[in-house]
Amino acid sequence: MNSRPPAPIIARKVGVAPSTCLERTRLLRERGVIRGYHADIAPSALNRGVQAPASVQVCPLSRTVIDAFKAFAAGLPEVTAVFMMAGSDDFVIHVSAQDNDRLHAFLVDKLSQRKEIVGFRTSIIFQHLAKHDPAPLPGA
């Protein structure tokens with residue numbers, strides 16, 4: 001991503017000169033601490049009023065099947081994130097749809113049609129609170 005918050009705004013918030021802020025954020029980007037910037041867009045503004053995580057189990061567990069499912073899921077317009085998991089679920093995909101009927105159609109028409117999927121379960125998200133400024137955890 002090329003766009004970034006203006007240095008004067010950040011500098012004012014943290015109490016440093018804009019030139020200092022610009023240099024520090026440049027160094028953080030170079031070190032990979034800052035990976036990018038994003039806009040926090042309301043899902044409803046994108047006609048995605050229903051959000052749901054879907055836990056998915058695939059079989060057989062092979063690199064070919066895992067890679068194929070990741071590519072398939074990532075390519076679906078309703079999927080906003082794909083997480084490969086340890087434990088009883090192989091994947092959790094974050095799905096968004098216009099309404100419950102469209103979510104149901106996505107599950108029945110797209111997920112249930114995949115022969116490598118041996119099971120899935122879905123929960124609807126009522127509210128989502130995200131922390132966009134997490135503090136570092138204490139080191140070991």
Side-chain angles (χ1 to χ4, degrees):
M1 287 182 195
N2 293 334
S3 63
R4 53 185 176 262
I9 294 170
I10 297 170
R12 208 172 22 256
K13 286 186 176 193
V14 298
V16 299
S19 59
T20 301
C21 180
L22 191 58
E23 179 62 15
R24 288 181 184 175
T25 55
R26 183 187 64 76
L27 290 170
L28 289 170
R29 282 193 313 274
E30 286 177 3
R31 289 181 28 217
V33 174
I34 295 175
R35 298 186 304 181
Y37 304 93
H38 75 280
D40 187 10
I41 300 170
S44 59
L46 300 174
N47 200 21
R48 294 173 177 267
V50 175
Q51 305 284 311
S55 301
V56 180
Q57 301 85 38
V58 297
C59 189
L61 279 179
S62 68
R63 183 169 300 278
T64 303
V65 169
I66 289 169
D67 290 345
F69 180 77
K70 281 192 303 189
F72 162 75
L76 296 171
E78 298 88 350
V79 174
T80 60
V82 178
F83 303 92
M84 194 169 156
M85 308 296 289
S88 60
D89 298 319
D90 301 311
F91 294 92
V92 172
I93 58 174
H94 184 179
V95 179
S96 60
Q98 294 91 326
D99 52 39
N100 287 336
D101 290 337
R102 301 272 176 90
L103 173 62
H104 183 257
F106 168 82
L107 297 170
V108 171
D109 298 336
K110 293 186 180 171
L111 279 194
S112 71
Q113 300 303 308
R114 298 289 296 196
K115 63 183 178 207
E116 75 272 23
I117 296 176
V118 294
F120 64 87
R121 64 183 184 285
T122 307
S123 301
I124 294 193
I125 299 171
F126 290 128
Q127 291 183 339
H128 173 229
L129 304 174
K131 292 174 83 174
H132 294 291
D133 58 347
L137 296 173

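Hydrogens, waters and symmetry mates play no part in the numbers below; they use all other heavy atoms, side chains included.
- Not counting sequence neighbours, the partners of I125 by the side chain to side chain contact (heavy atoms under 4.5 Å, CB included) test are Q51, P53, H94, H128.
- Checked against salt bridge (Lys or Arg N to Asp or Glu O under 4.0 Å), R12 has no partners two or more places apart in sequence or in another chain.
- For L137, there are no side chain to side chain contact (heavy atoms under 4.5 Å, CB included) partners at least two apart in sequence or on another chain.
- Other members of the cluster containing L76 are V50, V56, V58, L61, V65, I66, F69, F72, V79, V82, M84, F91, I93, V95, L103, F106, L107, L111, I117, F120, I124, with ILVMFWY side chains joined at under 4.5 Å, either directly or via other members.
- Evaluation of the side-chain hydrogen bond (donor to acceptor under 3.5 Å, both in side chains) test over residues 102-113, restricted to residues two or more places apart or in two chains, returns E78-K110.
- The salt bridge (Lys or Arg N to Asp or Glu O under 4.0 Å) contacts involving residues 54-69 comprise D67-K70, where partners must be two or more places apart or lie in separate chains.
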Considering only distance and modelled atom types, tabulate donor-acceptor pairs under 3.5 Å from the side chains of residues 14-21, sequence neighbours left out.
none

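- Between P77 and R48 the shortest heavy-atom distance is O-NH2, 2.7 Å.
- Scored by the salt bridge (Lys or Arg N to Asp or Glu O under 4.0 Å) test, R114 finds E116 as partners (sequence neighbours excluded).
- Scanning for salt bridge (Lys or Arg N to Asp or Glu O under 4.0 Å) contacts around D40 gives an empty result, with sequence neighbours left out.
- Residues passing the side chain to side chain contact (heavy atoms under 4.5 Å, CB included) test with E30, sequence neighbours excluded: R26, L27.
- The salt bridge (Lys or Arg N to Asp or Glu O under 4.0 Å) contacts involving residues 83-96 comprise D89-R121, where partners must be two or more places apart or lie in separate chains.
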